[in-house]
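Reminder, nothing fancy here: chain letters follow the sequence lines and each chain counts from 1.
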Amino acid sequence: MEDYKFLFKVVLVGNAGVGKTCLVRRFTQGLFPPGQGATIGVDFMIKTVEVDGEKVKLQIWDTAGQERFRSITQSYYRSAHALILVYDISCQPTFDCLPDWLREIEEYASSKVLRILVGNKIDREDREIPVHVGEDFASRHNMYFLETSAKEADNVEKLFMKIAEDLMQQARSKDLLRYDKDTANITGKTSVITDSNCCSRLT
Amino acid sequence: MGSRIRENVKHFFECFCEIVPPTPERDAWILQQFPESYKDEEVLKSIPKFSYPCNFENVVIQHYSFVLTDIKSKWTFGFCRHDPKSQTAIVVLSYLPWHQALYKFLDTIAVLMHSPRAEDLDEFLKTVYNTKLADPGKTFSVPFNKGERTFTVESPKPFGLPSIPENRNLTEYYNAVDVNNMMTVFASMLFERRIIFTSKKLSRLSACVQSANDVIYPMIWQHLFVPVLPMALIDYIFAPMPFLIGVPEDVFKYAAQEVVSSLKKQLKNRSALLGDGVSRAFLRALVQLIGGYRDALEIQPSKEIVFNEANFIKTRSPSLQPFLKQMLHLQIFQQFIEERLQMLNSGLGFSDEFEIEACRYSEKSSSNLKQQYKEWTSTMKKEGTAFFKSVKDKANPAMKSAVRTVKDGGKGVKTAYKGLRAILRDNPSPTQFHNGLESLGDKPRSAPNSPTGKRRTIGFSVPTTSYRKDSLAFRNSTSDRPYSPLSAGSHATSPDASDRSRSDTPGLEIAPIDLMSEMQDLLHLRLDTPPVDRSLKPVRSLENFRNSNSPISSPEHWTFASRSGARALSPSSRLFHSNSNKSQETQNLLLSPDDVLSSPPVPPPRPTTSKQEFFATTPFVVGGGRCENGDPVFYIANHHSVDMVKLSPPTASPRKKVNGMKGCITCFSCGIWCGSCLLLELVYFVLV
C-alpha cells in the first residue's frame, strides 16, 4: 500500500460540460484508476502530492448526472473534505446555476467543508463572465476562487495543491486540538473544533 | 428527473452476452453477444467484471442482478445466471427492472442453448428483441421452438407495490433481514447514509439491495447504487457521498467467518405474509413521516402549486420536527417534493399508492386538499393552460388498481389478525419470561470495564427490553390501544372506528419514536405470527440471552483482528480519525482506506455469541477506530445509549472467539428517528 500521511476527499460539482472531468484528468495526468464514470455513475481519481515534505493523497470524486438535482444537499458532501464548484467562464448559464447549487450549502454555513469556486476554460476567447464577477460571487459566499484552464493546464496544479495545503493545515490544527481533548466523548457534543486558520486566500 | 428508471423503453432486453469466467491469466470476457449492434464499449467492458465480481462457489443455479449507472444517472440492469453445469455465465442487459421476467427469460435462454438446433437460440433472441413490449398489466408473449412453446411474461402494472412472494427481491429481503435491521436500513436510506450490505450469496446481496430501494417508494435513492460491487471496484466504498453498495463477502476477507447455523435456521422458514404487506408497512411509515407535505402545499388559482418548507415543518408535531428538518435538506426529499409538484402541476393529481395511503391516513385534511386542488385544476382548465391532456388516461387506471389493492390489503390484515388470536389462545403466560429479561437487560448497557466510557443517553424510548415484549403487550390490549395507522390490529378490529379517530387527528401527531415501535408492532404482528411465532418460545430465548449476556459486560471478550498492532500507531490513522468534516468524532472512522482494508474496525469485533432474538437489549458495535495512543477503540450501542469501549492494551484472544453477531453489525439503531444523533456515517449490514 502506498505510504501517505493524509488522505483527503474532494468532490466536484457543477453543470454538465463545464470541464470537471477534464480538470481532474489534467491534474492527475493518467495516474488514476480506469474511469468507471459511465457505468457506476461516479468516477474518482487519486493523486499523491507532497506538501511540506509530507505525502498527501487526494481522492477526487467526480459525479455524473447531478443535473437532476435541484441543488446539492449536505448529505452529498458531508463526508468530503473539500467541495469544488465549477462553472464555465464562457457560458453564462453555468454561472447562473451557481446559486442553485449553493442554496443548500448556504443554509449549512457551519459545515466544515472547504469550498472552492472555479471558473474553468479561461483558454476560451468568448468569455462571458468577467473575473471580478466570479470573485465577487465567491467572496459573498465565503469561498475561495480561482480561474483555470484544463486545456492549457493553467492553475490546475495550483488549485489542487492549494486544496491539499489548506486541508493539511486544517487537519494539523485539529489534530493539535485533539490532543487536549478526552476521547471519551463520542457524542460529538463537546468536540467543537474551530477552523480558524483555514482562511488563507487561495490566490 | 429523480427517477432512475428509463422511460420509453423499446426492447425487452438490450443485450445478451455469454461470459467466460476469469482464469489466472485472463480476465472474464464476452464469448458471444446479441445483438451484434450493441456497441456501448464502456458497458461491454464492464459486463464481464460484474458477471464474475468475485470468486464464488457455484453449486446451484444462481440468479442475481447488477446495476450499471450511465452518465445521466439512469440505470441499466444486468441479470446473470450461473449454472454449475455450464462453463459460462449468461447475462442479459435490460432497461427494465423486471427481475422475475428477466430471470425467466434467462432460464429459457439456458434451455435453448442446449437445443439440438443451433438456430433456436438466435431466433428466440431475435423475436423477443423485436417484439413490442406489452402495455402494463398485459401479457408479453413470444412463441419459440417453431411455435411449439411460448415465452410469456406479464408487464408489471404501474403503481403496484412489490409483493411477497411474487417479487423475488422483496421475498429474499424479508427472509434475509430481520425486522430491526430492515428498519435500520430504511432509516439509513432516508438519511442518505453510506450503506454497505455484504453477503456470500450474490443472489441475496443483489435482491436485498434492490429491495431496500424498492421499499422507500415513492422516494428514489439518488446516489451511488451498486447492488453487486466487483472486486476490482472495491475503492468505491470509500466514496464520500451517500451510497448503497452490495459487496460480495469474499471481498471482505476478515468478515469471512462461519455462518452461525442456528441463525440461518432462524432467518429461513419464516412464514411470510403474502402480498404487499411488507411494502405497505414501509409505505405507511413514509406516509406518516412525509405524507404531511400536502399540508404545506400552496395552491393558488392561476399559479403553479408550490411547496412551503417552513410551513411543512411548522405544521408537524414538535417531536417530528427535528427529524423532518434534517430531511428537508436531503437529496431524496427534494427529489420527492419536486416530483410530487410536477405531478400536481401537470394535473395528474393525487393518484398513486402513496397518495392513496396518505388519504387513508388523514381523511379530513386530504378531502379539503382535494377540493382545493379540484378548484385549482378547473381554473387552470378554464384559463386554457394546456397541461392536462393526459390526465384521464393516466390517472384512472392507477386509481382503479389502487382500489383493488386496498381491498386485497384488507383481507391480508384480517388473516393476520385471525392467526394472532389463535396464538393468544395458545399462549397462556409469557409474563415470567419477560420479567427475567428486563432485569438482565440492564447489564449490557453498563459496560463496566470501559474506563473512558462516557455515555450519552439518547432520547429514544423504545421499551428497554426486547421489542417482543412490546408487541406482546399490544396483543393483550388490542382493543384499548389508540388508533395508529401503522397498527394492523386496529385496522382489522374496526375499520370504521379507526377511520373516525383518524379524521379527528389529522397530520402527524405521533411521536417519531412511536413510529419505530409501531412499525415493530406491525411487522411483528403481521409477519412473525402464524404459523411459527418465534417470540413465544421462552425456553429458547432465555438460552440465547444467557449467551449474549456475558461478552458485553466484559470487554476482554472483544478483540481486534491481528494486523492492527504496528500500523495502529501510524499517525495517519489518528488523523483520519479526527478529520471528518463534521466534528463528531464518531463519524467517519473509516476515512483511510487502510483502516478499512488492512486493519480491522469494519466489521468490528463481535461478542462471542449473541443472537438477534434480543436485539433491543444486546448492544452492537457501531464503529471502531483508534484513540491517540493507538489503542483500538470502538463504540457499542443499544437502543438507549452509545458507549465507548477502549481496549488497552489490545487483547490477543484467539480469533475463534470473535464470531456470532452476523447480520446486525453496525446497527446504529438508536436515534434514527430523533434526528439529533446522526452518529454514524457508514452503516454496514451482513446478510447471512
Toward chain A, the part of B:Ile71 with a non-hydrogen atom under 4.5 Å: both

So A:Tyr76 and B:Glu192, do their side chains get closer than 4.5 Å, heavy atoms only? no

Does A:Tyr77 use its side chain to pair, donor to acceptor, with the backbone of B:Pro240 at less than 3.5 Å? no

Contact part of B:Phe225 toward chain A, heavy-atom cut-off under 4.5 Å: side chain, backbone, both or neither? neither

Once you round to the nearest 0.5 Å, how far does NE2 of B:His223 lie from OG1 of A:Thr63? 9.5 Å

Between A:Val11, A:Val10, A:Ile40, the one whose heavy-atom pairs under 4.5 Å with chain B are most numerous: A:Ile40

CG (A:Asp136) with more than 12 external heavy atoms under 6.0 Å: yes

Among the listed options B:Thr76, B:Val226, B:Leu224, the residue most often paired with chain A at heavy-atom distances under 4.5 Å: B:Leu224

Non-neighbouring partners of B:Arg340 that pass side chain to side chain donor-acceptor pair (under 3.5 Å), sequence neighbours left out: B:Asp352, B:Glu355

Hey, mind stepping through A:Asp43 and B:Tyr236 against side-chain contact (heavy atoms from CB on, under 4.5 Å) and telling me if it holds? CA-CA 9 Å; A:Asp43 213 346; B:Tyr236 277 91; 3.9 Å; yes

